[in-house]
Every structure is written in structure tokens, then in C-alpha cells.
Amino acid sequence: MALSYLRSSSSRSVNLLKPLSSSLPLRRPISTDTTPITVETSVPFTSHQCDAPSRSVETNPKELLTFFRDMALMRRMEIAADSLYKAKLIRGFCHLYDGQEAVAVGMEAAITKKDCIITAYRDHCTFIGRGGTLLEVFAELMGRQAGCSKGKGGSMHFYKKDSNFYGGHGIVGAQVPLGCGLAFAQKYSKDETVTFALYGDGAANQGQLFEALNISALWDLPAILVCENNHYGMGTAEWRAAKSPAYYKRGDYVPGLKVDGMDALAVKQACKFAKEHALKNGPIILEMDTYRYHGHSMSDPGSTYRTRDEISGVRQERDPIERIRKLILSHDLATEKELKDIEKEVRKEVDDTITQAKESPMPEPSKLFTNVYAKGLGVESFGADRKEVRATLP
Amino acid sequence: MLGVVRQKMLGQSLPKIRPAVSVLRSYSSAAKQMTVRDALNSALDEEMSADPKVFLMGEEVGEYQGAYKISKGLLEKYGPERVRDTPITEAGFAGIGVGAAYYGLKPVVEFMTFNFSMQAIDHIINSAAKSNYMSAGQMSVPIVFRGPNGAAAGVGAQHSQCYAAWYASCPGLKVLTPYSSEDARGLLKAAIRDPDPVVFLENELLYGESFPVSDEVLDSSFCLPIGKAKIERVGRDVTITAFSRMVGHALKAAEILEKDGIDAEVINLRSIRPLDRSTINASVRKTNRLVTVEEGFPQHGVGAEICASVVEESFAYLDAPVERIAGADIPMPYAANLERLAVPQVEDIVRAAKRACYRSVPLAAAA
């Protein structure tokens with residue numbers, strides 16, 4: 001029977017398994033240690049039309065270390081993407097997720113790859129969470145064949161259907177009715193799985209969201225609407241766009257939960273709760289209180305509508321990776337050096353993958369005409385000069 | 001007496017046809033340069049200043065100074081009543097704009113790109129375009145829907161579509177496509193003053209381009225007529241029609257063709273609806289050959305309508321089949337090399353013009 005610890009930032013918990021030296025660990029290797037630990041979320045959940053789940057979350061060393069590594073990887077990946085964009089290797093739009101990693105990581109810990117996730121264009125880390133590889137990310141961002149969409153989609157259009165990740169959508173709010181549609185199909189097929197449809201505070205005011213929510217509630221669909229509230233819709237603060245920025249309450253008759261989106265364990269608990277709810281009672285809204293360090297996209301500095309103090313304040317007080325680091329250290333699950341080593345490993349992995357992605361060639365010109373249809377019917381399609389470039393759609 | 005003045009700008013030769021009087025005027029003052037962005041900004045500024053009923057509405061138009069900085073400085077100058085930041089809800093704010101126009105105000109509704117106008121298209125067509133007709137003239141809708149249209153650079157399938165053909169097929173709408181800064185100023189002013197709903201299709205890649213503007217263009221009363229095309233380059237051998245960014249491509253193609261002894265006439269359509277059929281047909285009757293150029297999808301596109309018009313009205317004058325250059329018939333790919341193949345390039349226009357000119361060579365001789 002494992003000891004449970006109450007998380008406290010100021011006191012060190014008693015650890016009866018402290019190793020005498022690093023070469024003679026008396027504890028099990030942390031990468032496989034699944035001894036349960038109970039941790040309190042940073043703040044309690046606030047609920048609307050339902051009873052909030054407990055703020056005591058069960059976790060274990062393996063999970064915490066996985067959280068740390070995964071979030072460190074996502075963080076490094078997004079920062080590397082920033083550099084690649086400035087070096088003009090990534091073109092067009094690039095919307096970065098750094099700061100919001102806990103949502104992607106906490107959600108995956110609560111669900112399976114048979115549950116569906118759909119999101120908007122800030123999708124790089126969500127894709128990684130669903131099992132996508134770093135190579136698929138960087139190659140796609142650079143428009144190469146090894147990309148998850150073979151270079152034809154770009155940053156906003158990552159998909160991984162075999163693990164039920166449905167993209168990757170550029171039109172604000174459109175992904176929400178699509179997500180409710182996935183939930184419809186899941187219920188129709190009696191799969192006992194759920195869909196998480198992610199959207200931002202900017203999208204939360206879209207009419208189509210309420211239309212889809214109404215239908216989902218009428219038909220008891222297993223749809224979980226997750227508002228990743230990073231408080232700014234491009235350059236517009238939430239209070240300037242929404243009469244009621246209490247997004248978890250906006251479902252009215254649909255229950256909701258407000259969650260600290262910078263706390264991966266709170267996210268995990270909320271998603272677990274939501275999945276159980278959705279399978280029995282239909283739609284529910286989760287509002288993740290989160291923050292993006294970058295501007296809306298690479299063409300937005302992110303500092304004309306926010307103060308630098310605000311950004312650095314969040315980084316200091318609420319950074320999701322730092323929270324897990326402190327948790328790991330205070331529970332003596334790893335040393336500072338071991339965590340730094342993980343970060344170094346991750347950095348190298350990202351750098352090596354970028355080198356590999358740069359080797360991947362650009363798509364063949366013949367690929368211009370593939371995948372227009374699933375079933376081409378022998379139809380002709382044309383290039384810009386229809387007498388020079390024409391092809392039969394495969 | 002017509003004088004021809006050649007002006008060099010940005011490496012392009014642009015012959016201008018002016019009455020003799022203004023030939024002297026333009027020799028005496030150096031033309032100022034103005035970006036399309038500044039042209040649009042100044043047009044909005046002047047029209048808002050002239051008419052208190054004009055107001056601007058859209059995402060990030062106010063405090064952010066405009067997603068592409070077209071509305072820079074306007075919030076500071078006119079205040080939050082007249083420069084309204086909206087939530088990301090196109091159907092809602094487009095409908096609100098049309099309602100305000102019903103009541104007599106003159107909204108300028110900005111779509112961050114026209115791809116997002118699809119969320120609001122019911123209001124553009126059913127609430128705006130058709131109202132004057134359905135009400136037998138009681139409900140005119142003096143609204144302007146403006147924003148970037150067509151491909152940018154690497155923005156992918158959902159952010160690259162050209163909507164000219166879709167909107168221009170709808171009676172009740174006026175659809176304008178500026179190319180130069182002069183076009184931007186004159187057409188936007190005309191659009192705001194016009195009592196009917198206008199869809200004003202700009203282009204993101206043109207915003208930063210500079211064009212010379214005369215004092216006449218800079219004057220706050222300057223206005224261009226809606227429904228009139230401009231002959232950017234007079235020629236004898238082949239007519240090339242284009243609009244928006246493709247006008248620049250067509251002019252470059254004309255320079256290349258000139259070296260091969262083909263004198264192309266380039267028409268900047270400026271207005272897709274009403275389409276200036278008389279200018280187009282007069283040109284084809286002179287040159288006997290036509291190449292239409294557009295960024296959008298080919299099927300049911302602007303070029304298809306121009307071709308039909310010319311076949312209907314000037315069939316006997318055609319010495320070669322009409323050539324169409326358009327965007328590739330596929331969703332816009334992201335990869336740079338594929339994107340290049342999906343958008344018309346200067347060499348595509350050159351090739352099509354040459355085909356139109358050599359079509360009289362017997363097939364046997366070509367083999």
C-alpha cells in the first residue's frame with residue numbers, strides 16, 4: 001500500500017526510499033515506477049450544472065516523468081519552429097502552442113487513442129500527443145514529403161486518423177460542429193468512446209458552436225467541448241469579445257467545468273471526469289485556463305495587446321513544465337540533474353529531427369493532382385495553363 | 001491629339017494615353033509613390049471624414065490597427081463608435097452590418113480574408129444583394145464588404161481561395177478588384193459612396209507594392225467609375241484580360257512578348273461585376289486574340305464568362321480560340337513548389353499568348 005503525499009511547495013515530503021548514492025538506487029527506476037502518488041490540483045475545480053470532481057489526483061512517478069519529458073519536447077519543438085520560421089524554412093501561417101502544453105499532455109493521460117480529438121490551427125503539440133512524430137511535424141512545416149500531410153497541408157492541417165486525430169482546421173470555430181459530428185458517429189456505432197473538440201476563447205462566440213451544442217444535447221452525444229482559454233483571440237482580450245467570458249457556463253443547459261489548464265494533473269482529472277460524464281449524460285464543456293507565450297502567430301509579436309510583465313509573470317508563476325519539475329523534485333522522483341539531462345536529450349532529439357526533416361525532399365509535381373477525390377472517376381484536372389498541364393484525377 | 005507618355009516604374013514600362021494638356025502637367029511634377037496599403041487607408045480616412053454615416057467594422061480593425069494595417073490610425077482619429085472591433089463571428093457582424101445599412105448607415109465591413117466571408121455569405125447574398133429588388137427599391141443597401149482575396153504565400157488550402165467568380169455571378173452585387181494604388185483609392189471611394197452592396201476584393205501580396213500616384217489621384221474628391229476597365233497597356237496583337245495581382249503578371253508577360261514581336265494589350269478589369277464587356281470586346285475586335293488570366297479556379301470562372309461574352313458578341317473577329325489561364329483545378333497545396341504550380345505564373349501567360357498568336361499556322365507545319 002503506497003504512502004500518499006499531500007503536495008506542498010514549501011515542505012519536503014518524507015521519502016523512505018531516498019537512495020544512498022546515485023549508483024545504488026534503492027528505489028525502482030523512475031521510468032517504470034507506477035507506485036501511486038496523490039497530488040492536489042493547484043486550485044479546486046469550479047463547476048456549472050454538475051458536481052465538480054475531487055481536486056485529489058492520482059498519479060505515479062512514471063506518469064509525472066512522462067509529463068515532464070513530453071511537455072519539454074513540445075516546448076522545444078515550438079521554439080525550434082519559431083527559429084525555422086524566421087529562417088524562412090516555414091512559410092505562411094505558424095501558430096505556436098508553447099505555454100499550453102499541459103492541456104495536450106493531461107488530456108492524453110485520461111483517454112485512449114480510440115477517443116477522438118479535433119482542434120483548430122494551433123495543432124502541433126496536439127498532434128504529438130496523439131502519437132505523431134517530430135519528423136512528421138517538422139517535415140510538414142517545411143513542406144516536405146515526410147510530413148504528416150506529405151507537405152500539402154502545412155502548419156494548420158496536421159491529421160492522424162489512425163489515432164483518431166481529426167486535424168488541424170483553419171476556419172475559427174468550424175472544428176466544433178465537426179467534433180460533435182465525430183461524437184455522433186461514435187454513438188451511432190456504439191463505440192463507447194468520446195470526442196474532445198478543442199477551440200479557443202476567440203472561437204467561443206461562434207454561432208455554429210451553439211448550434212452544434214444544442215443538437216449534441218438534444219441527441220445526448222458524447223461530445224466534450226474544450227475551450228482552451230488563453231485569454232486572447234488574436235489581439236483581442238476575452239473581455240472585449242465576450243459579454244460573458246465564463247466559457248464553462250456558456251453552455252447554459254450543458255454542464256461545465258473550469259480547470260487550471262497549466263496544471264497537467266488538473267487537466268487529466270477533468271478529462272477523465274468529462275469522459276465518464278459524456279458517455280452517460282451527453283455533452284459537457286471544459287474551460288482550460290491556459291496561456292500562450294507567443295503571439296497569435298509568427299506575424300504577431302504578442303506584445304501590443306499584452307504587457308511583457310503579464311507574459312513573464314505567467315512564465316514565472318504558472319509554467320506547466322516548471323510545475324511538474326517542482327512536483328518531481330519535491331517528491332524526490334528525480335534529481336535536478338536528471339531533469340536537466342532529459343531537457344538536453346529532448347533538445348538534441350529536436351535538433352537531429354530538424355536535420356533529418358531538411359533532408360526530406362519536396363513533393364513530386366505529379367502529387368499536385370493526387371487526393372483531390374477519394375474516387376477520381378477518370379475526371380480531368382488542369383494546371384494554371386490548362387493546355388500545358390493536365391492530369392486525370394486518380 | 002493623343003500623346004503617349006512612357007513611365008518607368010519598378011522596372012515595368014507603362015504607356016499612358018493622356019490628352020495633350022496633361023502630358024505637359026505630368027512632365028512638370030514628379031509622380032509620388034504610394035503603397036496600396038496607404039492608398040486604402042487614405043481612402044477610408046477621407047470617406048469617413050466626409051460622411052459621418054460611414055463606419056468600419058471587423059476583426060482587429062481598431063486597437064490592433066488592422067490585421068494587415070489597412071485601418072492604421074483610424075481608431076485614434078474617429079473613435080470606437082466608428083471603428084468597431086468585432087468578435088470572431090462573421091455571420092453575426094456581417095448581418096449586423098447589413099441591418100445598419102438598411103437603416104441608412106454606410107458600413108464598411110472587413111473580412112480578415114474573404115475565405116471567412118463564407119461564414120457570412122448568406123447575408124451578403126440574401127440580405128444585401130437581393131433586398132433592393134425584393135423591396136422594389138425601398139431597401140437599398142449601401143454596404144462595402146472588403147478584405148484580402150485569393151492566394152497569399154504558403155497559407156494553404158483554406159486561406160487561398162479567390163471569390164471573384166462566386167460573388168460576381170450574383171445580381172444585385174457590385175464586385176471590384178483593384179490592382180494599383182490608383183485603383184485602390186478610386187475604387188474604394190466609389191464603393192463607399194455607392195448605394196448598392198459592393199464586394200471589394202483586395203490582395204494581401206499587393207498591399208506592400210508601391211505605384212506612382214498623380215495629384216489628381218491624391219485629391220480627396222478622386223473617384224473611379226464602377227464598371228469600367230482600364231487599358232494598362234495598349235497593343236495590337238493579342239488582348240490579355242486580368243484583375244488584381246494578375247495584372248502585374250500580365251504586364252510582365254507583355255514585356256517578354258514584346259521581345260518576340262508580339263504586342264499585347266493588357267486590360268485591368270477593375271470591375272468584375274458589372275463586367276466591362278464593351279472595352280473587352282472592342283479590344284478583341286482590334287487584336288482578334290484573347291487570353292484571360294485569373295487566380296481563381298477555372299471552372300465557371302471569370303475567364304469563362306469573358307470567353308462567352310466575346311464568343312457571343314465578337315465571334316467573327318476571333319482568329320484563334322480563347323485561351324484561359326487560371327489557378328490550378330485543385331485545393332491550394334502548402335509546399336512551395338506545388339503552390340507555384342497551382343498559381344498562374346508569368347510564363348503561363350506568355351505561353352498562352354504565343355499559342356493564341358500562332359494558331360493560324362497549319363497543324364502540318366507545326367508537326
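In what follows, chains carry the letters A, B, and so on, assigned in the order in which the sequence lines appear, proteins first and then strands, with residues in each chain numbered from 1. Hydrogens, waters and symmetry mates play no part in the numbers below; they use all other heavy atoms, side chains included.
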To the closest 0.5 Å, what do you measure between [atom1] ([X]) and [atom2] ([Y])?
| X | Y | atom1 | atom2 | result |
| --- | --- | --- | --- | --- |
| B:Leu338 | A:Phe369 | CG | CZ | 10.0 Å |
| A:Ser299 | B:Tyr68 | OG | OH | 7.5 Å |
| B:Ile325 | A:Glu388 | CD1 | CD | 9.0 Å |

Tell me which of these, [options], has more heavy-atom pairs under 4.5 Å with chain B than the rest.
| options | answer |
| --- | --- |
| A:Thr304, A:Asp300, A:Val372 | A:Asp300 |
| A:Cys94, A:Ala204, A:Gly170 | A:Gly170 |
| A:Gly202, A:Gly143, A:Pro363 | A:Pro363 |

Please look at [X] and chain B and tell me whether the side chain, the backbone, both or neither of the residue comes under 4.5 angstrom of a heavy atom of that chain.
| X | answer |
| --- | --- |
| A:Leu209 | neither |
| A:Gln208 | side chain |
| A:Leu393 | neither |
| A:Arg240 | side chain |
| A:Asn371 | neither |

What part of [X] lies closer than 4.5 angstrom to a heavy atom of chain A: side chain, backbone, both or neither?
| X | answer |
| --- | --- |
| B:Val343 | backbone |
| B:Ala91 | neither |
| B:Gln65 | neither |

Looking at [X], I want to see if its [atom1] is surrounded by more than 12 non-hydrogen atoms of other residues, nucleotides or ligands under 6.0 Å.
| X | atom1 | result |
| --- | --- | --- |
| A:Glu380 | CD | yes |
| A:Lys150 | NZ | no |
| B:Lys69 | NZ | yes |

Do you know which two heavy atoms are closest between [X] and [Y], and how far apart they sit?
| X | Y | value |
| --- | --- | --- |
| B:Val155 | A:Met156 | O-CE, 3.3 Å |
| B:Pro87 | A:Ala241 | CG-O, 3.4 Å |
| B:Tyr64 | A:Met234 | CE2-CE, 3.8 Å |

Please check if the side chain of [X] supplies one atom and the backbone of [Y] the other of a donor-acceptor pair under 3.5 Å.
| X | Y | result |
| --- | --- | --- |
| B:Gln158 | A:His169 | no |
| B:Tyr334 | A:Ser149 | no |
| A:Tyr305 | B:Glu63 | no |

### Query
Does one side chain, of A:Thr236 or B:Glu60, offer a donor that lies under 3.5 Å from an acceptor on the other?
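Note: A:Thr236 and B:Glu60 side chains meet the donor-acceptor criterion.
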#### Entry: From B:Asn337, B:Leu341, B:Asp329, residue fulfilling side chain to side chain contact (heavy atoms under 4.5 Å, CB included) relative to A:Leu368
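Only one option passes, and that is B:Leu341.
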### Task
Would you sort out whether A:Phe93 and B:His159 count as a side chain to side chain contact (heavy atoms under 4.5 Å, CB included), showing the intermediate values?
CA-CA 10 Å; A:Phe93 293 133; B:His159 288 80; 3.7 Å; yes
### Message
Name the residue from B:Arg355, B:Gln345, B:Arg324 that meets the side chain to side chain donor-acceptor pair (under 3.5 Å) definition with A:Asp385.
### Response
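The side chain to side chain donor-acceptor pair (under 3.5 Å) with A:Asp385 is passed solely by B:Arg355 among B:Arg355, B:Gln345, B:Arg324.
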### Task
Quick one: do A:Lys387 and B:Asp348 satisfy salt bridge (Lys or Arg N to Asp or Glu O under 4.0 Å)? Show the steps, please.
CA-CA 10 Å; A:Lys387 299 217 173 127; B:Asp348 293 314; over 6 Å; no
### Query
B:Glu339, B:Glu59, B:Glu90, B:Met332: which one forms the most heavy-atom pairs within less than 4.5 Å of chain A?
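The answer is B:Glu339.
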### Task
Pick whichever of B:Ala352, B:Gly156, B:Ala153 has the most heavy-atom pairs under 4.5 Å with chain A.
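Among the listed options, the one with the most contacts to chain A is B:Ala153.
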### Message
Check A:Arg386 with B:Glu323, please: is the shortest side-chain N to carboxylate O separation under 4.0 Å?
### Response
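Judged by the 4.0 Å cut-off on N to carboxylate O distance, B:Glu323 and A:Arg386 do not form a salt bridge.
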